[in-house]
Amino acid sequence: MGLKSEFKNIKGTRDILPEEAIRWKKVEDVIRKKMESYNFQEVRFPAFEATDLFRKSTGESTDIVKKEMFTFEDMGGRSLTLKPEGTPSVVRMYLQHGLFNRGALQKFYYIERMFRQERPQKGRYREFRQFGAEVIGSVSAETDAELVKSALDVFKELNIKGIELNINSIGCPRCRKDFVKELKSFLKGKLNGLCEDCNRRYAENPMRILDCKIDRTKLKDAPVPSDFLCDECREHFEDFKKRLDFLKIKFNIDSRLVRGLDYYTKTVFEFVNTSLGSQNELGGGGRYDELIKFMGGEDTPASGYAVGIDRMMLLLPGKDEKISVDVYLVTFDVESDLAGFEILNELRERGFSCDKDPMRRSVKAQFREADRQNAKWVIIIGENEIKRGVVQLKNMNKGKQKEIPMEIDKIVKELKC
RNA sequence: GUGAGUGUAGCUCAAGUGGUUAGAGCACUGGACUGUGGCUCCAGAGGUUGGGGGUUCGAAUCCCCUCAUUCACCCCA
């Protein structure tokens with residue numbers, strides 16, 4: 001014991017041990033059930049894609065593409081990247097398989113691992129899991145509200161409290177043009193008073209300056225996108241808010257919420273929780289009406305979001321579950337061991353989880369193991385039982401033991417009580 | 001990428017200003033109880049004190065470097 005391996009998990013990754021895995025399974029079950037109740041269809045996609053997919057869709061000016069991607073070359077010299085987010089892959093999948101031929105409206109969800117090369121901290125890992133949903137083919141604000149609702153449903157089902165919803169509209173390329181013009185003229189004289197990042201954003205993606213935490217107060221009077229919405233975008237935003245009201249979903253309008261991805265249009269939103277510490281954003285999303293056309297498809301509206309499951313798990317009430325097994329077998333000699341083994345196999349076929357000691361250790365050791373495994377029942381077989389054609393069935397919680405015939409149906413009947 | 005904190009057994013933590021062989025609880029293995037778990041008692045196993053270098057008669061302790069890790073900044077999920 002205690003031989004130390006020279007290997008350990010890589011920075012920003014983590015192992016999920018059995019007790020925690022039980023929690024994960026429950027959470028994933030809830031996600032699947034809820035998503036499917038909205039008729040989102042599950043899709044799964046590769047761990048890595050062509051680097052250009054993210055460059056083009058996530059956007060060159062984003063932090064993700066600029067400094068957070070795990071990028072490597074395959075033996076043919078192609079540049080590949082571990083997926084940092086899901087939307088580009090879903091869009092790629094949609095276009096590649098001609099899923100528009102299945103109907104104008106497609107609704108997907110996914111549970112996938114994502115990879116971003118950032119400095120890890122509480123609630124932030126380099127390998128993390130997200131669930132997300134994407135609706136392709138609907139311009140309707142109803143869709144945006146439905147997406148929001150589906151995420152809130154998951155939080156609710158998991159008993160996660162204290163989630164706040166922030167929303168905003170950042171308009172379409174047409175109205176954004178006016179806004180950016182106005183923003184730039186507002187910023188012109190102030191640039192050398194602003195931080196380095198803001199100066200870079202001024203050239204690359206001025207809207208994101210609104211996001212800046214350092215210069216917040218200096219930018220208090222800066223124009224915001226929602227003041228420049230065209231009629232169509234304004235109506236869409238109004239409709240979105242009305243839909244949320246109708247669903248009795250509370251929200252804050254954050255006129256400076258712009259989000260970090262290049263492809264968003266109109267609706268943007270995020271879920272936050274203040275008790276999470278600095279990584280308080282649980283999930284977010286928005287509409288991306290231009291992306292599919294930009295990626296080579298027909299002009300198709302779309303909307304979606306993603307939620308960090310690891311982060312969500314930090315808010316999950318309750319403790320890790322104990323592992324447990326239905327039946328543990330205790331035997332005394334070779335003959336009873338074989339008889340018991342046969343019973344175990346039959347019980348396994350009938351759906352019971354069963355186990356036994358493979359090393360023929362002492363009875364005491366076998367019982368200790370049964371206890372450690374949280375066995376509900378122990379089946380005891382020895383020389384006497386074999387001779388008389390019976391087994392002892394012990395209820396480990398009550399500590400009571402009962403003798404019953406060595407017949408599978410009779411044993412099963414007892415186990416079901 | 002920047003800043004701060006922390007590294008002692010599988011886990012949680014001890015070892016006054018440097019001083020024999022680095023300890024305890026939990027967990028693990030075995031025994032007391034050779035056909036019955038949890039409780040109790042006894043015993044055993046488990047350490048390059050993260051690694052390297054330096055100061056010193058002597059370093060877990062002081063200094064330097066390095067690595068890991070945590071939190072925060074930035075940004076995101």
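Below, chains carry the letters A, B, ... as their sequence lines are ordered, and counting in each starts from 1.
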Students often get this wrong, so: under 4.0 angstrom with heavy atoms, is [X] touching a base, only sugar-phosphate, or nothing?
| X | value |
| --- | --- |
| A/Glu385 | base |
| A/Arg368 | sugar-phosphate |
| A/Lys11 | sugar-phosphate |
| A/Arg372 | sugar-phosphate |
| A/Glu383 | base |
| A/Gly284 | sugar-phosphate |
| A/Glu270 | nothing |

Quick one: which of [options] gets closest to the side chain of [X]?
| X | options | value |
| --- | --- | --- |
| A/Gln121 | B/C74, B/G1, B/G37 | B/C74 |
| A/Glu118 | B/U36, B/A77, B/U69 | B/A77 |
| A/Lys8 | B/C73, B/U36, B/A68 | B/A68 |

Quiz item: Relative to the 5' end of RNA chain B, which residue comes earlier, A/Ser362 or A/Lys400, by the nucleotide with the nearest heavy atom?
Solution: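 Comparing both residues, the 5'-ward one is A/Ser362.
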Go nucleotide by nucleotide along RNA chain B from the 5' end; which of A/Gly382 and A/Arg129 gets its closest nucleotide reached first?
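Result: A/Gly382.
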Find out whether the Lys NZ or Arg CZ of [X] is both under 6.0 angstrom from the six-membered ring centre of [Y] and within 45° of the ring's axis.
| X | Y | result |
| --- | --- | --- |
| A/Lys83 | A/Phe54 | no |
| A/Lys184 | A/Tyr202 | yes |
| A/Lys34 | A/Tyr38 | no |

Centroid-centroid under 6.0 Å between A/Tyr110 and A/Phe45 rings: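 Distance test on ring centres: under 6.0 Å, yes.
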Quiz item: Centroid-to-centroid, A/Phe40 to A/Tyr109, below 6.0 Å?
Solution: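 Distance test on ring centres: not under 6.0 Å, no.
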Can you tell me how far [atom2] of [N] sits from [atom1] of [X], to the nearest Å?
| X | N | atom1 | atom2 | answer |
| --- | --- | --- | --- | --- |
| A/Asn9 | B/G50 | CG | C1' | 15 Å |
| A/Glu85 | B/C75 | CD | C1' | 14 Å |
| A/Ile64 | B/C75 | CD1 | C1' | 9 Å |
| A/Ile323 | B/A27 | CD1 | P | 15 Å |
| A/Gln401 | B/U36 | CD | P | 10 Å |
| A/Phe367 | B/G37 | CZ | C1' | 7 Å |
| A/Ile380 | B/U36 | CD1 | P | 10 Å |
| A/Lys364 | B/U34 | NZ | P | 9 Å |

**Which residues share a side-chain hydrogen bond (donor to acceptor under 3.5 Å, both in side chains) with A/Gln96, sequence neighbours left out** =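 Here the qualifying residues are A/Arg92.
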For RNA chain B, the dot-bracket notation using Watson-Crick and G-U wobble pairs below 3.5 Å, [ ] for pseudoknot-type crossings and | for other-strand pairs, is (((((((..((((.....[...)))).(((((.......))))).....(((((..]....))))))))))))....
Check: Salt bridge or not for A/Lys56 and A/Asp52, using N-O below 4.0 Å?
Finding: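 No, this pair does not count.
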inquiry  = Salt bridge check, A/Arg129 against A/Glu28: does any charged N sit closer than 4.0 Å to a carboxylate O?
reply    =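 So A/Glu28 does not pair with A/Arg129 through a salt bridge.
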